[in-house]
Amino acid sequence: MANEPDSSNDGPLDRAIAILSFVAEQKKALSAAEIAAALSLPLPTAHRLIGNLEARGLIQKALGTKRYVVGSRLVTLAAKTIGAAFRTVRRHAVLSAVADRIGEQCEIGVVRDNVVVYVDSVRSKQQQALQFNPGEAAPLHCTSTGKIYMSRLPAKVRQRLVKSLPLVRYTPTTIADPDALLALLEETRRRGWAKTNEEFVRGVVGCAVPIVSPDGDLIACLGVSVPAARVGFAGLDAFIAPLQEAAALLSETILQDHEEDFVYSQFSE
């Protein structure tokens, strides 16, 4: 390969993208030699491309090793890209429809730099609710989106993350004990969705469901936040099915290259 001229689909940019894609798909850190072998690249070429990507923050060495994982800049770029993908007329319409159906504010959140960032929201017709506006951020440990994100991490990664987080107690019901949070995250992993019981803001409860790719990878979360006086923690369970239906529709559309007409009436009945 080293002696062959670059074709339109085998130039430096294509190879760099192939490296990024391969590293992002792995569940462990990789050496340059492993990357080169997997992608049939000459080792000097792999080293050069990896160095360029590392200099730009798109990949980085795992702490204390010479092996590579995705870089912080790539993670931030991915979150921004996901946010932009959700801010389309059609996907906003899905969000509006499910908010109308359940009568409460709904929001889409992603995780960026270990905080939850909300990329789109629809305000409910109810006057009292916790308003998460696009661009606002919230902690991982006391939000439903954060719990879903952490619950889907490999167990060892999840444990390290929880132990490293500043588990600030925002309200009397905030889960600030690492062991208690880890137990709840394991329950969330089995259940597939999450709830919060006045853990970030006193008097506000919430729940969220995952929005996943066709391969089952977490893309974002679809959630709702409501006053406990109006719904109550137990009452959140009634929102899960409508949220899951909307999340499934968003999952089907998020990676499509073209806009198609969808029937939203099922979410407004």
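No hydrogens, no waters, no symmetry mates; every other heavy atom, side chains included, goes into these values.
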K.L.:
How many angstroms lie between atom CZ of Arg15 and atom CZ of Arg48, to the nearest 0.5 angstrom?
P.N.:
7.5 Å
K.L.:
Please report the shortest heavy-atom distance between Val115 and Ala137, naming the atom on each side.
P.N.:
CG2-CB, 4.2 Å
K.L.:
To check you understand the geometry: which heavy-atom pair defines the closest contact between Lys28 and Glu34, and what is its length?
P.N.:
NZ-OE2, 4.4 Å
K.L.:
Would you find a donor on one side and an acceptor on the other, under 3.5 Å apart, between the side chain of Ser21 and the backbone of Ala18?
P.N.:
no
K.L.:
Closer than 3.5 angstrom, by distance alone: can the side chain of Gln26 be matched with the main-chain N or O of Phe22 as a donor-acceptor pair?
P.N.:
yes
K.L.:
Considering the options Leu95, Ile211, Val98, which one meets the side chain to side chain contact (heavy atoms under 4.5 Å, CB included) requirement together with Leu250?
P.N.:
Ile211
K.L.:
Measuring from Leu58:CG to Leu49:CG, what's the distance to the nearest 0.5 Å?
P.N.:
12.0 Å
K.L.:
State, with a plain yes or no, whether a side-chain heavy atom of Lys66 is found less than 4.5 Å away from one of Ser31.
P.N.:
no
K.L.:
Do side-chain atoms of Arg67 reach the backbone of Ala29 as a donor and acceptor pair under 3.5 angstrom?
P.N.:
yes
K.L.:
Taking everything shown except Arg202 itself, do over 12 heavy atoms lie less than 6.0 Å from its CZ?
P.N.:
no
K.L.:
Of the options Arg191, Arg190, Arg189, which is the one that meets Glu187 in a salt bridge (Lys or Arg N to Asp or Glu O under 4.0 Å)?
P.N.:
Arg191
K.L.:
When rounded to the nearest 0.5 angstrom, what distance separates CG in Leu165 from CZ in Arg160?
P.N.:
12.5 Å
K.L.:
Out of curiosity, Gln159 CD to Leu153 CG, how far, rounded to the nearest 0.5 Å?
P.N.:
12.0 Å
K.L.:
Could you grab the distance from atom CG of Leu218 to atom OH of Tyr149, nearest 0.5 Å is fine?
P.N.:
9.0 Å
K.L.:
Who else is in Leu43's hydrophobic cluster (ILVMFWY, side-chain heavy atoms under 4.5 Å, direct or via others)?
P.N.:
none
K.L.:
Pair Ile35, Val23 - check side-chain contact (heavy atoms from CB on, under 4.5 Å), show working.
P.N.:
CA-CA 8 Å; Ile35 295 170; Val23 172; 3.8 Å; yes
K.L.:
Is there side-chain contact between Leu20 and Val70, with at least one heavy-atom pair below 4.5 Å?
P.N.:
no
K.L.:
Would you name the heavy atoms of Val116 and Gly146 that are closest together and state the gap between them?
P.N.:
CG2-N, 3.6 Å
K.L.:
Taking a hydrophobic cluster as the set of Ile, Leu, Val, Met, Phe, Trp and Tyr residues connected by side-chain heavy atoms closer than 4.5 Å, whether directly or through intermediates, do Val111 and Val157 fall within one such cluster?
P.N.:
yes
K.L.:
Whether Lys61 engages the ring of Tyr68 as a cation-pi pair (distance to the six-membered ring centre under 6.0 angstrom, angle to the ring normal within 45°) should be assessed.
P.N.:
no
K.L.:
Mark yes or no for whether Asp14, through its side chain, and Gly11, through its backbone, hold a donor-acceptor pair below 3.5 Å.
P.N.:
yes
K.L.:
Would you mind telling me which of Ile102, Ile240, Val209, Val231 makes a side chain to side chain contact (heavy atoms under 4.5 Å, CB included) with Val224?
P.N.:
Ile102
K.L.:
Take Leu184 and Lys147 through the side-chain contact (heavy atoms from CB on, under 4.5 Å) test and state the conclusion after the steps.
P.N.:
CA-CA 8 Å; Leu184 179 60; Lys147 291 176 183 177; 3.6 Å; yes
K.L.:
Compare all side-chain heavy atoms of Asn114 with those of Leu140 and state whether any distance is below 4.5 angstrom.
P.N.:
yes
K.L.:
Can you list everything that forms a side-chain hydrogen bond (donor to acceptor under 3.5 Å, both in side chains) with Arg152? Sequence neighbours excluded, please.
P.N.:
none
K.L.:
Is it possible for you to say whether Val69 and Leu39 belong to one hydrophobic cluster, with membership spreading through side-chain heavy-atom contacts below 4.5 Å?
P.N.:
no
K.L.:
Can you check whether Glu199's main-chain N or O pairs, donor with acceptor, with Thr174's side chain at less than 3.5 Å?
P.N.:
yes
K.L.:
For residues Cys221 and Trp193, determine if any side-chain heavy atom of one lies less than 4.5 Å from a side-chain heavy atom of the other.
P.N.:
no
K.L.:
Identify the two heavy atoms, one from Ser151 and one from Leu185, that lie closest to each other, and give their separation to 0.1 Å.
P.N.:
CB-O, 3.3 Å
K.L.:
Please answer whether the main-chain N or O of Ser72 pairs with a side-chain N or O of Gln60 as donor and acceptor at a distance below 3.5 Å.
P.N.:
yes
K.L.:
Not counting sequence neighbours, list each pair that qualifies as a salt bridge (Lys or Arg N to Asp or Glu O under 4.0 Å) and has a residue in residues 170-184.
P.N.:
Lys163-Asp179
K.L.:
Which atom names give the shortest non-hydrogen contact between Lys195 and Ala234, and what distance separates them?
P.N.:
NZ-CA, 4.4 Å
K.L.:
Taking His141 for the side chain and Val168 for the main chain, is one N or O donor matched with an acceptor at less than 3.5 Å?
P.N.:
yes
K.L.:
Going through the distances and angles, do Thr171 and Thr173 end up as a side chain to side chain donor-acceptor pair (under 3.5 Å)?
P.N.:
CA-CA 5 Å; Thr171 74; Thr173 55; 3.2 Å; yes
K.L.:
Calculate, to the nearest 0.5 Å, the distance between atoms CG and CD1 belonging to Asp120 and Ile108 respectively.
P.N.:
5.5 Å
K.L.:
Can you spot which of Val205, Val204, Val201 makes a side chain to side chain contact (heavy atoms under 4.5 Å, CB included) with Ser225?
P.N.:
Val204
K.L.:
Indicate the atoms forming the closest heavy-atom contact of Cys207 with Leu236, along with that distance.
P.N.:
SG-O, 4.0 Å
K.L.:
Go through the steps for Ile59 and Ile50 under the test side-chain contact (heavy atoms from CB on, under 4.5 Å), then give the verdict.
P.N.:
CA-CA 8 Å; Ile59 63 174; Ile50 289 169; 3.5 Å; yes
K.L.:
Is the backbone of Val226 close enough, under 3.5 Å, to the side chain of Arg230 for a donor and an acceptor to pair up by distance?
P.N.:
no
